[in-house]
Number of protein chains: 2
Amino acid sequence: MQKQHSLSKNQQIILDLIVKSSEPLKAYSILFNVQKKGINAPLQVYRALDKLVEIGKIHKIESRNAFIACQNSSCQISKATAFSICESCENVSEISNSKLSKYLANFADEAGMKYNKYNLEFFGLCKKCK
Amino acid sequence: MQKQHSLSKNQQIILDLIVKSSEPLKAYSILFNVQKKGINAPLQVYRALDKLVEIGKIHKIESRNAFIACQNSSCQISKATAFSICESCENVSEISNSKLSKYLANFADEAGMKYNKYNLEFFGLCKKCK
DNA sequence: TAACAGTATGTAATAATATAACATTTATGA
DNA sequence: TCATAAATGTTATATTATTACATACTGTTA
Ligand SMILES: [Zn+2]
Ligand SMILES: [Zn+2]
Ligand SMILES: [Zn+2]
Ligand SMILES: [Zn+2]
């Protein structure tokens with residue numbers, strides 16, 4: 001068992017918001033939504049986001065500057081992330097596919113470089129939009 | 001043969017700068033460097049960057065908000081990009097591996113979604129840094 | 001308990017990245 | 001030459017993220 005992180009107040013507030021959101025949230029949208037809970041400044045949001053990303057509870061969708069709750073229970077996957085992003089409705093879902101993650105981990109081994117993380121983003125049209 | 005894009009003045013200036021750079025360049029660093037050529041405003045830079053990305057001459061490294069020249073001659077690859085990024089020296093190189101690109105294209109087909117693009121970023125330590 | 005280290009918080013200011021809006025000019029092709 | 005698309009120039013502004021510094025909380029160990 002890995003150490004359980006007990007989240008701080010700000011971290012928990014922000015994680016709760018992200019978890020219950022159906023879409024990726026941007027930092028300033030998060031800020032707006034938690035001001036009634038006493039979080040007033042961007043830095044408070046960014047610090048909580050940094051920590052939540054670090055421990056794998058959330059992921060940053062780099063192409064969108066937005067944050068989504070991890071949809072896998074595994075902590076390890078936070079260093080091996082893959083997402084599918086609809087360019088029409090902006091729906092984002094985390095891909096959990098063991099063949100894909102094995103393939104990419106092995107690919108990393110083959111190359112000269114020592115990898116410790118990857119992030120993959122697929123773009124296209126979701127079922128609703130195509 | 002595909003249509004050759006003849007680049008405009010601003011596009012060419014900015015492409016030249018990116019091509020001769022040994023590292024990914026950020027938009028405002030580009031702006032600073034091309035001011036002596038008469039490009040004065042951020043928007044002029046961003047418009048050229050947008051176009052160069054669109055036609056595949058450069059790619060955006062999403063995790064770094066920086067731009068790198070395409071290291072493949074192929075235009076198609078601009079919708080199927082993979083990079084390795086050293087977290088120590090920030091060296092970035094474009095991965096050109098037909099097995100990888102085939103694998104990812106096939107993966108896209110398998111899923112329910114119709115993909116038209118992907119971007120993959122590996123992070124680790126390069127040969128010099130490990 | 002007291003001391004300490006590590007983590008988290010609060011606040012203000014500012015830096016860095018990116019786009020909106022509008023007027024004008026240049027390139028391309030029918 | 002006329003119409004259209006693409007590119008440019010300019011100002012202002014929006015969005016995303018960090019620096020700097022002071023303070024408070026949490027868990028561990030002497
Ligand atoms: Zn996850
Ligand atoms: Zn969709
Ligand atoms: Zn390329
Ligand atoms: Zn390196």
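Lettering follows sequence order; numbering is per chain, from 1.
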_Using whole Å, what does the distance between atom P of nucleotide C:dT7 and atom CG of A:D50 come to?_
14 Å
*Mind calculating the distance between CG (A:L43) and C1' (C:dG10) to the nearest angstrom?*
9 Å
*Indicate if B:V45 and B:L7 have the same hydrophobic cluster label, given that clusters are the connected sets of ILVMFWY residues with side-chain heavy-atom separations under 4.5 angstrom.*
yes
*Out of B:L25, B:L15, B:I18, which residue meets the side-chain contact (heavy atoms from CB on, under 4.5 Å) rule with B:L49?*
B:I18
_Ignoring hydrogens, what is the shortest heavy-atom contact between A:A48 and A:I14? Give both atom names and the distance._
CB-CD1, 3.6 Å
*Using a heavy-atom cut-off of 4.0 Å to chain A, what are the terminal contacting nucleotides of DNA chain D, in 5' to 3' order?*
D:dT16 to D:dA20
*May I have the distance from A:N65 (atom CG) to C:dA16 (atom P), rounded to whole angstrom?*
17 Å
*For A:Q44 and C:dT9, is the shortest distance between a side-chain N/O and OP1 or OP2 below 4.0 Å?*
no
*So which of residues 8-41 of chain B are in contact with DNA chain C, with a heavy-atom cut-off of under 4.0 Å?*
B:K26, B:Y28
*Around atom NZ of A:K102, are there more than 12 heavy atoms of other residues, nucleotides or ligands at under 6.0 Å?*
no
*asked:* Please find the pair of heavy atoms, one from B:E87 and one from A:K117, that lie closest to each other, and give the distance.
replied: OE2-NZ, 4.0 Å
*Euclidean distance, atom CG of residue B:L7 to atom C1' of C:dA27 [Å, nearest integer]*: 14 Å
_Residue A:K37 excluded, over 12 heavy atoms near NZ under 6.0 Å_ = no
*Do B:I61 and B:Y46 belong to the same hydrophobic cluster, where Ile, Leu, Val, Met, Phe, Trp and Tyr are linked whenever their side-chain heavy atoms lie under 4.5 Å apart, directly or via other members?*
no
*Starting at atom CZ of B:R47, determine the distance to atom C1' of C:dT17, rounded to an integer number of angstrom.*
16 Å
*Round to the nearest Å and state the distance from B:F67 atom CZ to C:dA16 atom C1'.*
13 Å
*Does the ring centre of A:Y118 sit less than 6.0 Å away from the ring centre of A:F107?*
no
